[in-house]
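Following: one structure in structure tokens, then a few remarks.
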Amino acid sequence: MDSVDTAIVRELQKDARLPNKDLAERVSVAPSTCVVRHRSLRERGVITGYHAEVDLAAVGRPVQAVIAIRVRPHTRAIVEPFMEYALSLPEVLALSHVAGPEDFLVHVAVADTAHLQRLVLDRFTTRREVSEVQTNLLFQHVRKHTIPPTG
């Protein structure tokens, strides 16, 4: 990636709906150059998609938590189906398979703490492979919107 690619990625992270003409102006290239560069970034897998950011409280899910889960045995035959199961739950925002004392960190958003309790007790601790669960309530969750490339 060169400085033009980096600038395009930076601007699209700020506003993925930016029209090509405006994007080209912001990164100081011709619109035709910008459209070719943008397409190349998608084809190379640098840009993997676009999304709308949603206010979780506005959609009835103001309570967020990270649930640390340990599964046993920690094998591919257990890990992959558990990941599919967890990601199928509507409360799950993200799932990370991690190294350390836990096997998974599951980021969830729910209506209230009673909903969180039901999720933990009815959806996770009832599964045979789950050996340990630790719930961490999030007071605040802030996501960086622009991630510059390294180098």
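Because only heavy atoms are used, hydrogens play no part in the values below, and waters and symmetry mates are left out as well, while side chains stay in.
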* Residue pairs, two or more places apart or on separate chains, that pass side chain to side chain donor-acceptor pair (under 3.5 Å) and touch residues 117-127 ->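 Listed once each, the pairs are Arg127-Glu129.
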Rounded to the nearest 0.5 Å, how far apart are [atom1] of [X] and [atom2] of [Y]?
X      : Y      : atom1 : atom2 : result
Leu116 : Leu137 : CG    : CG    : 7.0 Å
Leu18  : Leu12  : CG    : CG    : 6.5 Å
Ile8   : Met1   : CD1   : CE    : 8.5 Å
Arg26  : Lys21  : CZ    : NZ    : 12.0 Å
Phe104 : Leu95  : CZ    : CG    : 6.0 Å

Between [X] and [Y], which heavy-atom pair has the shortest distance, and what is it?
X      : Y      : result
Ala86  : Val92  : O-CG2, 3.1 Å
Val29  : Cys34  : CG2-CB, 3.8 Å
Ala109 : Leu93  : CB-CD1, 3.7 Å
Phe124 : Ile69  : CD2-CD1, 3.6 Å
Val63  : Thr113 : CG2-N, 4.5 Å
Leu23  : Glu11  : CD1-CB, 3.5 Å

* Verdict with reasoning, Asp5 to Arg44, per side chain to side chain contact (heavy atoms under 4.5 Å, CB included) -> CA-CA 12 Å; Asp5 287 343; Arg44 293 181 352 231; 3.4 Å; yes
* To do: Look only at the side chain of Thr48 and the backbone of Gly45, and say whether a donor-acceptor pair between them is shorter than 3.5 Å.
  =>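 Not a single qualifying donor-acceptor pair exists.
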* To do: Look at the side chain of Asn20 and the backbone N and O of Pro31, then say whether any donor-acceptor pair between them is shorter than 3.5 Å.
  =>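 Looks like yes, one N/O pair under 3.5 Å.
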* To do: Give the C-alpha distance, both sets of side-chain angles, the deciding distance and a yes or no for side chain to side chain contact (heavy atoms under 4.5 Å, CB included) between Asp2 and Arg37.
  => CA-CA 11 Å; Asp2 63 13; Arg37 292 292 197 106; 2.9 Å; yes
* With sequence neighbours excluded, tell me which residues meet ring-ring contact (aromatic ring centres under 6.0 Å, His included) with His115. =>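 Residues passing ring-ring contact (aromatic ring centres under 6.0 Å, His included) with His115: none at all.
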* To do: Tell me, please, which residues at least two apart from Arg61 pass salt bridge (charged side-chain N to carboxylate O under 4.0 Å, His left out).
  =>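 By the salt bridge (charged side-chain N to carboxylate O under 4.0 Å, His left out) rule, Arg61 matches no residue at all.
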* Among His107, His141, Glu91, the one residue meeting side-chain hydrogen bond (donor to acceptor under 3.5 Å, both in side chains) with Gln64 ->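 Testing Gln64 for a side-chain hydrogen bond (donor to acceptor under 3.5 Å, both in side chains) against His107, His141, Glu91 leaves exactly one candidate, His107.
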* Asked: Charged N to carboxylate O below 4.0 Å: is that the case for Glu102 and Arg70?
  ->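 Looking at Glu102 and Arg70, the cut-off is not met.
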